[in-house]
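One structure below.
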Amino acid sequence: MTDETKTPDKFTIINELARRRCFFWQSYKIYGGVSGFVTYGFLGAKLKQNIEKKVRELFVNKLGILEIESPIITPSKVFEASGHVDHFKEPMVECMKCKRRFRADHLLEEFAEISSLEAEKLSLEEVKEAIEKHEIRCSECEGTFGEPKYFLTMFKTTIGPYSEAVGYGRPEAAQGIFVEFRRLYEMAREKLPFGVMQIGHVLRNEISPRQGLIRSREFTIIDLEFFFDPEKPNCYLLKDYENETLPLVLAENKLRGSEEIVEVTVRDALEKGYIKAEWQSVFMVLAKKLLVDLGVPTEKQRFIEKLPWEKAHYALQSFDQEIYVERWGWIEVSGHAYRTDYDLKRHMQFSGIDMRVFKEYEKPVEKEQTVVKPLMVRLGPVFKEEAAKVAKMLSEADPEEVEASIRKNGSFTLGKYRITPEYVEITRSNVKELGKRFIPYVVEPSFGSDRMVYVALEYAYRVKDDRVILSFPRDIAPLQVGVYTLVSKDGLPERALQVYRMLINEGFSVEYDEAGSIGRRYARADEIGMPLGITVDYETLKDNTITIRDRDSWKQVRCRIEDLPELLRKYFRWKADFNDLGEPFES
RNA sequence: GCGGCUGUAGUCUAGUUUGGUUAGGACGUCAGCCUGCCACGCUGAGGACCCGGGUUCAAAUCCCGGCAGCCGCACCA
């Protein structure tokens, strides 16, 4: 089969349909286009909003997750703390002969037997030396490599017109949550567990974004950070979901070269240690259900565990929720990372702000405590200007250790200083400890809005009698109802417009169409996935009834105009089926 | 980012080999007619040679550069 006769695949068809019916298209086309940027049209924007609305219903409304919005431009300090400045850049080398580019750290791992952890730490200079020392050459043409250079996948800018202050476009929305943790914890009335979600644009300067909505340089991410007490990791929702199953591809199987899907219940996954955090397992079930609601059956979904070297730097354990699409096979729509206390701890180190929360014990703990009090009167004259530093170091040392060491050795070594008993006063007293401070742990479900839009489109796509139908689940369809005239004369348009205005006032998203034949209008509506069509005919003028047409079955029922708002409300909230909307109607 | 192929209305495309009158068609869109339930038909309208430079009397067509798309390689933390 030649390329010319090959039938286009679904991705091509969906993209063509998306352009033609204004769901989305490549941005900046009048200037030739820029790859990696997408503009949503009326229908696409609506579809995306409806999908995000479902996410909000699921997490914000039902779970009480708090939603926030934070800026895209972020001072460099934040991403230094989060580790992104170190991890989002990759040393690359270019072959001088064939111009192929390679990840320098990957070359070193492979040919110099330097571990990935060590390779990451090397400076450009050290990378260069290592390549020269091990005489690494281009694997394709044996050419030598040029100077290693960093490729930074974050967009960099300066903040303010005359400023040198470096800022980055955020590559994830999560940090906007972590940096506000103290205030958010207050917002949650200082109770764990709680979650914070944000939906917003992120920027990643991809090297070669070629997959439309699947991979672009600016896209919408839904990051949900769920904070819990590591000593109380139990999820109170587990009992509702423990019998649900998850299709897992485990790291241990991947290591053996198998991508076998193991269908296990949540309970088993936790008991067998496949998933390390209860909350994570529940979010994975919710993610599965969300995608089912977007039209992706369970058997087209899987959760694939990341191998240690595939994982993001912040994750203890990580699963990608993947959906099977025709063009590329499995693609990620959400990531489920167990970030532990990594981010808050790092921000605590870098900012100096205490990110710990206070937990009161059920009963205050009375315990004998050793207190080591530096005697400044004696420290001062001996240590002079270093006295304050020594005192500070002493107060940071474990008092028990200081006491034990002094009792045993007659002194305690503090860095280069030797502390002998005359410098300190050691007392033991009973103290009442009311509670303790700790950094909460985090599990993070993170969804790609745009990819969910794409899979919703691909899974909605059907062909019936050579006509294209987008069978969106009724609650994400961009437009809900079409209002039509059987023929556009004899007062039918006037009556139909009344129905149209009435439905708009009732809050539905409605389109009125009287152009061309009725069949053509039905076809046009099917192609953009409008679930219902209401047709005003000659009967309407006699008895105020209309017909409702179902997008998927093309069946029709007849009901009274005045009953429409209530019936449609029920229908779109899945409280009624199509057949409940009226009496069967045959034309 | 590298290599190969490609770029014509909203969409799909003819024309490019061999430069030459007003760039042709289909679908869609709009206006009018028609139309009693699944893209009927008729009439009319609007709509395109990716951008820049070069060669030439003359460039959609040839050459160079850029941008973009497709395929392969690499990349996707």
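Numbered from 1 within each chain, the chains take letters A, B, ... in sequence-line order.
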Just to be sure I understand the rule, does [X] reach a base, reach only the sugar-phosphate, or reach nothing, if contact means heavy atoms closer than 4.0 Å?
{"X": "A:Glu310", "answer": "sugar-phosphate"}
{"X": "A:Ser488", "answer": "base"}
{"X": "A:Thr12", "answer": "nothing"}
{"X": "A:Ser35", "answer": "sugar-phosphate"}
{"X": "A:Arg551", "answer": "nothing"}

Cation-pi geometry met for A:Arg558 and A:Phe585 (6.0 Å, 45°)
yes
Nearest-Å distance, [atom1] ([X]) to [atom2] ([N])?
{"X": "A:Leu486", "N": "B:C38", "atom1": "CG", "atom2": "P", "result": "10 Å"}
{"X": "A:Arg217", "N": "B:C75", "atom1": "CZ", "atom2": "P", "result": "17 Å"}
{"X": "A:Asp526", "N": "B:C37", "atom1": "CG", "atom2": "C1'", "result": "13 Å"}
{"X": "A:Glu514", "N": "B:C34", "atom1": "CD", "atom2": "C1'", "result": "14 Å"}
{"X": "A:Arg20", "N": "B:G28", "atom1": "CZ", "atom2": "P", "result": "10 Å"}
{"X": "A:Trp25", "N": "B:G69", "atom1": "CH2", "atom2": "C1'", "result": "18 Å"}
{"X": "A:Arg215", "N": "B:G1", "atom1": "CZ", "atom2": "P", "result": "14 Å"}
{"X": "A:Asp490", "N": "B:U35", "atom1": "CG", "atom2": "P", "result": "10 Å"}

side-chain N/O A:Arg210 vs B:C76 OP1/OP2, d < 4.0 Å:
no
Going 5' to 3' through nucleotides 39-54 of chain B and flagging B where a protein heavy-atom sits under 4.0 Å of the base, S where only the sugar-phosphate is that close, and - otherwise, we get BS--------------
Looking at [N], which nucleotide sits across from it as a Watson-Crick or G-U wobble partner, both distances under 3.5 angstrom, or is there none?
{"N": "B:G46", "value": "none"}
{"N": "B:A59", "value": "none"}
{"N": "B:G28", "value": "none"}
{"N": "B:G72", "value": "B:C2"}
{"N": "B:C38", "value": "none"}

Would you state whether a donor and an acceptor, one from the side chain of A:Asp537 and one from the base of B:C37, lie under 3.5 Å apart?
yes
Minimum-distance nucleotide (side-chain atoms of A:Gln26 versus B:C12, B:G1, B:A68)
B:A68
Compare the minimum distances between each of B:C38, B:A74, B:U11 and the side chain of A:Gln556, then state the nucleotide with the smallest one.
B:C38
Considering only atom C1', compute the distance from B:U43 to B:C34 and round it to an integer number of Å.
11 Å
B:C49 and B:U6, which share atom name C1', separated by this distance in whole Å:
15 Å
Pairing of A:Arg339 and A:Glu444 as salt bridge, 4.0 angstrom limit:
yes
A:Glu322/A:Arg302 salt bridge by N-O under 4.0 Å criterion
yes
Do you know which of A:Trp279, A:Phe319, A:Phe303 makes ring-ring contact (aromatic ring centres under 6.0 Å, His included) with A:His336?
A:Phe303
CA sep, side-chain torsions, deciding dist, call: A:Glu305, A:Lys254, salt bridge (charged side-chain N to carboxylate O under 4.0 Å, His left out):
CA-CA 8 Å; A:Glu305 188 176 2; A:Lys254 271 169 84 178; over 6 Å; no
Sorted by position of nearest nucleotide on RNA chain B, 5' first, the leading residue of A:Ile207 and A:Glu16 is A:Glu16
Could you tell me whether a side-chain N or O of A:Arg560 sits under 3.5 Å from a main-chain N or O of A:Thr545, the two making a donor and an acceptor?
no
Trace of the side chain to side chain contact (heavy atoms under 4.5 Å, CB included) decision for A:Glu458 with A:Glu326
CA-CA 9 Å; A:Glu458 180 164 322; A:Glu326 198 190 270; 3.6 Å; yes
The test is side-chain hydrogen bond (donor to acceptor under 3.5 Å, both in side chains); show your working for A:Asn253 and A:Glu259 and say whether it passes.
CA-CA 7 Å; A:Asn253 289 338; A:Glu259 293 204 337; over 6 Å; no
